[in-house]
Amino acid sequence: MSLQLGVVADDLTGACDVAAGVHALGVDAEVRLGVPDSGAAPEARVVIVALKSRTAPAAEAVRDSVASARVLRSWGARRLYLKYCSTFDSTDEGNIGPVADALLDLAGEDAAAVGTPATPAAARTMHRGHLFVGDRLLSESSLAHHPLTPMRDADLIRVLARQTPRPVAGIPLEILHAGPAAVAGRIAELRAQGVRHVLLDAVEDGDLDAAAAAAAGAPDLILTGAAGFAAALARSLGGAAAPSVEPPPDGARLILSGSGSERTRAQVSAYRGPSHPIDVSALVAEPTAVVAEVMRFVGRAAGTPLVTATAEPEEVARLQARWGRDRTAALVEDALARVAVAAVEECGVRRVLVAGGETSGAVAAALGATVLRVRRIAAPGVAWTTATDPSGRVLDLCFKSGNFGGTDFFDRAWD
Ligand SMILES: Nc1ncnc2c1ncn2[C@@H]1O[C@H](COP(=O)(O)OP(=O)(O)OP(=O)(O)O)[C@@H](O)[C@H]1O
Ligand SMILES: O=C(O)[C@@H](O)C(=O)CO
């Protein structure tokens, strides 16, 4: 089976979100970590390249995304998809606009980028170009206070227009409701007017299906969006078989949380097993001693140990003000990554659940995972995945976006 959809995702948990949605439809998907080496094409119909490009400097994000897109094309990908966050996480500098522009350059002079972050299953909907998170405008949700990409404007036409010199326009819901032909017609009109970025309204999966059907007739479009539109495209591939559910490998379990999101804070508080906080200030002075102390806890814990740096926003802000935002983040990510490696090597851990996108990227890289295949859906947008580390150990890895999973996720994810 040939590669139908080649996805470039701007973070690892976002890549796993797409893989989970595609797998749930019975379409085989594979996640590649980092810019892949070209070479033999994977067998999966959907391949998702997981980058760490959401908050990287725009030039770096463009370089890695274009390199990944070239490899996906060399593997015969029929469509290219740029996966960004369902809450459009970005700044005026990028990286959604610059990366989409670079993919348009690759696709040809008249190409256009068409898509939507709307993902109704995750309560992200678009109306009149405005993004809603649940019942709130994006700008009135907790994303307005995101430490790296605060989203203070819910008008995504305006947000994207600040990131690209190319004209941006939206397609309203009534055209989506009029069906694929109406959507395709409107896209063609906008392109004829010189528009190069089109954002679609969508409030339910049927709207995304109409968009996917419209896109089918225009193979030169670059498709963009979050997991919702990617799933609609996968649905349109058809021929889905029931997803297989493999048993997990034997071995001990570990939970690592470096996420600061509201949902993860609730999950950490609700967890009923043994847990150990990371002392971030101690980490600044003596990271090796902190990791050694954590490993004594992991080695002795009865049940599934949780190692957590998750803290209230005021505490994170205090630590960032004292030690620097990037330095604190790097220290925490490095410590959790070292704990993951030591737990696998010394404690027989084979199942690792990680909370937080940046944290997940750091842990996956340290474990030497390069390819992930979905084993089982753990929650909407979250999957258990199988990877083989460089020593040949089979690992069961779950990378959870900060905002995903129920409050009791850390207790229930293992079933
Ligand atoms: N106590 C802390 N103090 C300062 N920084 C922290 C602390 N705990 C975690 N961090 C850092 O905050 C960042 C959290 O980002 P991460 O992407 O992992 O989670 P998130 O933002 O909640 O989730 P997502 O991107 O999945 O929505 C990481 O870089 C992590 O190292
Ligand atoms: O789209 C989302 O909300 C997630 O897949 C995500 O990008 C997590 O960082």
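Read the numbers this way: they start at 1 and go in the same order the structure lists the ligands and their atoms. Note: hydrogens, waters and symmetry copies are ignored here, and every other heavy atom, side chains too, is used.
- Close contacts of ligand 2 with Lys83, meaning ligand atoms under 4.0 Å from a residue heavy atom, involve 1 (O), 2 (C), 4 (C), 5 (O), 6 (C), 7 (O).
- Residue Gly14 approaches ligand 2 through these ligand atoms, each under 4.0 Å from one of its heavy atoms: 5 (O), 6 (C), 7 (O), 8 (C).
- Remark: minimum distance from atom 29 (O) of ligand 1 to any protein heavy atom is reached at Glu333 OE2, 2.6 Å.
- Of the charged side-chain nitrogens involved, none lies within less than 4.0 Å of a carboxylate oxygen, so that Glu312 and Arg318 do not count as a salt-bridged pair.
- Protein heavy atom closest to atom 7 (O) of ligand 2, with residue, atom name and distance, is Arg54 NH2, 2.7 Å.
- Ionic pairing of Asp153 and Arg162 is present here: one or more N-O contacts between side-chain nitrogen and carboxylate oxygen are shorter than 4.0 angstrom.
- Near Leu319, the atoms of ligand 1 lying under 4.0 angstrom from a non-hydrogen atom of the residue are 1 (N), 3 (N).
- Every atom of ligand 1 is numbered from 1 in the order shown, and the set under 4.0 Å from a heavy atom of Ser261 is 22 (O).
- Salt-bridge check for Arg166 with Asp101: passed, with a basic side-chain N closer than 4.0 Å to an acidic carboxylate O.
- By heavy-atom distance, the residue among Ser360, Ala309, Gly357 lying nearest atom 2 (C) of ligand 1 is Ala309.
- When Glu358, Lys400, Glu262, Glu315 are checked for heavy-atom proximity to atom 17 (O) of ligand 1, Glu358 turns out nearest.
- Which parts of ligand 1 touch Ala329 is read off a 4.0 Å heavy-atom cut-off, strictly below it: atoms 29 (O), 31 (O).
- An N or O contact shorter than 3.5 Å is missing between Thr87 and ligand 2 by distance.
- Counting only heavy atoms of the protein, atom 9 (O) of ligand 2 lies nearest to Asp11 OD2, 2.8 Å.
- Other residues, nucleotides and ligands place more than 12 heavy atoms under 6.0 Å from the CG atom of Asp92.
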Using the side-chain hydrogen bond (donor to acceptor under 3.5 Å, both in side chains) rule, take Thr149 and Thr91 through it: C-alpha gap first, then chi angles, then the decisive distance, then the call. CA-CA 6 Å; Thr149 51; Thr91 67; over 6 Å; no
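- The pair Arg350-Asp389 does not count as a salt bridge, with every side-chain nitrogen at least 4.0 angstrom from each carboxylate oxygen.
- The nearest protein atom to atom 4 (C) of ligand 1, hydrogens excluded, is given as Thr328 CG2, 3.3 Å; this is a heavy-atom distance.
- Taking every heavy atom of Val332 and a limit of under 4.0 angstrom, the matching atoms of ligand 1 come to 9 (C), 31 (O).
- Close approach of ligand 2 to Phe404 (heavy-atom distance below 4.0 Å) involves ligand atoms 2 (C), 3 (O), 4 (C).
- In terms of N/O distances under 3.5 Å, ligand 2 is approached by Ser86.
- Atoms of ligand 2 found under 4.0 Å from any heavy atom of Thr13, numbered from 1 in the order shown, are 8 (C), 9 (O).
- Between Asp17 and ligand 2, an N or O atom pair is found at a separation short of 3.5 Å.
- Looking at Arg128 and Glu174, a side-chain N of the basic residue comes within less than 4.0 Å of a carboxylate O on the acidic one, giving a salt bridge.
- Only the side chain of Ser401 comes within 4.0 Å of ligand 2, counting heavy atoms alone; its backbone N, CA, C and O stay farther away.
- Classification of Asp209 and Arg235 as a salt-bridged pair holds, one side-chain N sitting under 4.0 Å from a carboxylate O.
- Shown in contact with Val280 at under 4.0 Å from a heavy atom are these atoms of ligand 1, numbered in order with element: 1 (N).
- Per-residue contacts place Cys85 under 4.0 angstrom from the following atoms of ligand 2 (heavy atoms of the residue considered): 1 (O), 2 (C), 3 (O), 6 (C), 7 (O).
- If you check which protein heavy atom lies closest to atom 10 (N) of ligand 1, you get Gly258 O, 3.8 Å.
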